[in-house]
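Just so it is clear, the model here is predicted, and its values are computed rather than measured.
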Amino acid sequence: MNYRTMALNSILSRDDLNGWRTDLIETGLTELADDLFSIMIGIDIGDAKVYRLAFYMLHVESVGNV
């Protein structure tokens, strides 16, 4: 398994992707919301965008669990 696949699995394993997308839009992170939507509907995006989104989602979850 490569890093891109791990990042995509990390993103897609979230429970409520539509909720994530809504939260991203509401906080002004529309580019991340667009990237998430692309992944959700199967559009291929660049590695950097996948990694950035996976990092952001992991960071938000880890901060929320403090």
Are [Y] and [X] connected in a single hydrophobic cluster, I mean Ile/Leu/Val/Met/Phe/Trp/Tyr linked by side-chain heavy atoms less than 4.5 Å apart?
X   : Y   : value
V60 : L8  : yes
I25 : M40 : no
Y56 : L12 : yes

Please report the closest heavy-atom contact between A7 and V50, naming both atoms and the distance. CB-CG1, 3.6 Å
Return the CD1 to OH distance between I45 and Y51, rounded to the nearest 0.5 Å.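 Rounded to the nearest 0.5 Å, the CD1-OH separation comes to 11.0 Å.
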How long is the straight-line distance from CD1 of I39 back to CG of L17, given to the nearest 0.5 Å? 9.0 Å
Would you mind writing out the side-chain donor-acceptor pairs for residues 27-36 within the sub-3.5 Å range, not counting sequence neighbours?
unit_1: T27; atom_1: OG1; unit_2: D23; atom_2: O; d: 2.9
unit_1: T27; atom_1: OG1; unit_2: L24; atom_2: O; d: 3.2
unit_1: E31; atom_1: OE2; unit_2: R52; atom_2: NH2; d: 3.3
unit_1: D35; atom_1: OD2; unit_2: R52; atom_2: NH2; d: 2.7

Sequence neighbours left out, what pairs pass side chain to side chain donor-acceptor pair (under 3.5 Å) with at least one residue falling in residues 3-13? N2-T5, R4-D44, R4-D47, S10-R14
